[in-house]
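What follows is a set of notes on a single structure, which appears directly below.
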Amino acid sequence: GAVVSQHPSRVICKSGTSVKIECRSLDFQATTMFWYRQFPKQSLMLMATSNEGSKATYEQGVEKDKFLINHASLTLSTLTVTSAHPEDSSFYICSAGTEQETQYFGPGTRLLVL
Amino acid sequence: AQTVTQSQPEMSVQEAETVTLSCTYDTSESDYYLFWYKQPPSRQMILVIRQEAYKQQNATENRFSVNFQKAAKSFSLKISDSQLGDAAMYFCAYTNYGQNFVFGPGTRLSVLP
């Protein structure tokens with residue numbers, strides 16, 4: 001149990017385009033979903049926290065207009081990187097939280113902006 | 001603010017041997033959760049073990065066990081009978097009720113055949 005999927009696993013796009021990443025909890029309902037960014041050989045950096053039906057809470061320094069988060073249901077959250085630029089290239093990971101304060105992670109999305 | 005420290009950037013262990021990864025944290029709370037996550041080269045974060053602070057008994061999951069010292073704010077992970085598949089980055093994490101995770105910087109574990 002506690003499986004989280006993330007799609008796509010890899011995406012290459014041109015500068016200026018928008019990219020949407022989906023995160024789904026497959027066998028449980030997530031009270032909260034989280035979006036992280038991970039640079040090479042570094043720990044996870046929390047970007048935002050979202051609860052179903054409410055606006056996401058962004059961490060300091062994360063542009064909410066740049067990284068749009070929609071949490072449409074208890075099993076689906078999406079992250080849209082708008083007008084992507086090469087500096088947005090990174091590894092993005094979502095996680096879904098349970099009532100037992102545990103987070104289960106998706107497999108991640110590698111974004112490359114040309 | 002809570003912080004999590006992993007003082008060993010890299011560790012290595014011989015296959016079938018035992019290794020201990022260190023983690024210390026800082027918090028003023030009395031009730032919280034601690035976790036160890038593993039991130040292999042695939043970069044999928046995998047939950048290894050979980051400890052509730054109010055439980056005195058150390059958590060165990062097969063070959064993985066923790067040494068939770070609440071007063072010292074220490075939460076080390078012991079891997080017994082190490083296997084090649086244990087090679088990964090290991091992250092220690094802390095959370096309080098309803099709060100976000102705080103991750104340590106990670107320890108890269110190599111398993112030598």
Side-chain angles (χ1 to χ4, degrees), chain A residues 1-10 21 23 25-28 30-51 54 56-62 69 90-112, chain B residues 1-11 21 23 25 27 29-55 59 61 66 75 87-110:
Chain A
V3 179
V4 177
S5 70
Q6 198 171 329
H7 178 81
S9 58
R10 292 185 181 187
I21 303 170
C23 178
S25 56
L26 299 184
D27 52 0
F28 68 102
T31 53
T32 307
M33 285 187 166
F34 305 83
W35 287 96
Y36 295 87
R37 185 171 178 175
Q38 187 179 31
F39 293 100
K41 299 185 178 181
Q42 292 188 23
S43 190
L44 280 68
M45 181 186 77
L46 180 66
M47 298 175 65
T49 304
S50 72
N51 293 290
S54 60
T57 301
Y58 290 81
E59 295 299 297
Q60 192 171 9
V62 178
I69 291 173
S90 191
F91 190 68
Y92 294 87
I93 309 176
C94 73
S95 71
T98 68
E99 293 179 350
Q100 292 76 35
E101 308 294 326
T102 301
Q103 290 188 28
Y104 293 95
F105 289 81
T109 297
R110 189 179 306 274
L111 171 63
L112 177 61
Chain B
Q2 291 87 2
T3 57
V4 176
T5 302
Q6 293 177 251
S7 60
Q8 307 152 316
E10 296 184 356
M11 291 282 285
L21 307 184
C23 172
Y25 58 95
T27 183
E29 304 292 338
S30 60
D31 210 0
Y32 46 86
Y33 291 83
L34 295 163
F35 305 83
W36 279 98
Y37 283 88
K38 165 186 177 181
Q39 189 179 39
S42 68
R43 302 188 77 173
Q44 167 78 64
M45 292 283 284
I46 301 166
L47 176 64
V48 175
I49 203 164
R50 172 176 174 270
Q51 175 82 43
E52 292 129 321
Y54 66 86
K55 290 186 177 179
E61 285 288 344
V66 297
F75 183 61
M89 281 289 288
Y90 285 82
F91 293 100
C92 179
Y94 162 102
T95 189
N96 194 0
Y97 292 95
Q99 301 298 314
N100 296 329
F101 271 33
V102 178
F103 284 94
T107 296
R108 182 172 300 280
L109 177 66
S110 300

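Convention: sequence-line order gives letters A, B, ...; per-chain numbering from 1. Since the structure is predicted, the reported quantities are computational estimates derived from the model, not experimental observations.
- Both the backbone and the side chain of A:T102 come within contact range of chain B, each with at least one heavy atom under 4.5 Å from a heavy atom of that chain.
- How far CZ of B:R43 is from OG1 of A:T109: 11.0 Å, rounded to the nearest 0.5 Å.
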Apply side chain to side chain contact (heavy atoms under 4.5 Å, CB included) to B:N100 and A:Q103, showing your working. CA-CA 10 Å; B:N100 296 329; A:Q103 290 188 28; 5.7 Å; no
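- In this structure, OG in A:S95 is found 11.5 Å from CG in B:L47, a value given to the nearest 0.5 Å.
- When B:Y32, B:Y33, B:F101 are compared by the number of non-hydrogen pairs under 4.5 Å with chain A, B:F101 comes out ahead.
- Heavy-atom pairs under 4.5 Å with chain B peak, among A:E101, A:Q42, A:Q6, at A:E101.
- With a 4.5 Å cut-off on non-hydrogen atoms, B:E52 does not touch chain A at all.
- A side-chain donor-acceptor contact under 3.5 Å links A:S43 to the backbone of B:G104.
- Aromatic ring pairs are classed by plane angle as parallel below 30°, tilted from 30° to 60° and perpendicular above 60°; the pair B:F103 and A:Y36 is perpendicular.
- Rounding to the nearest 0.5 Å gives a distance of 7.0 Å between CD of A:Q38 and CE of B:M45.
- When the options B:F91, B:F35, B:Y37 are evaluated for a ring-ring contact (aromatic ring centres under 6.0 Å, His included) with A:F105, the one that passes is B:Y37.
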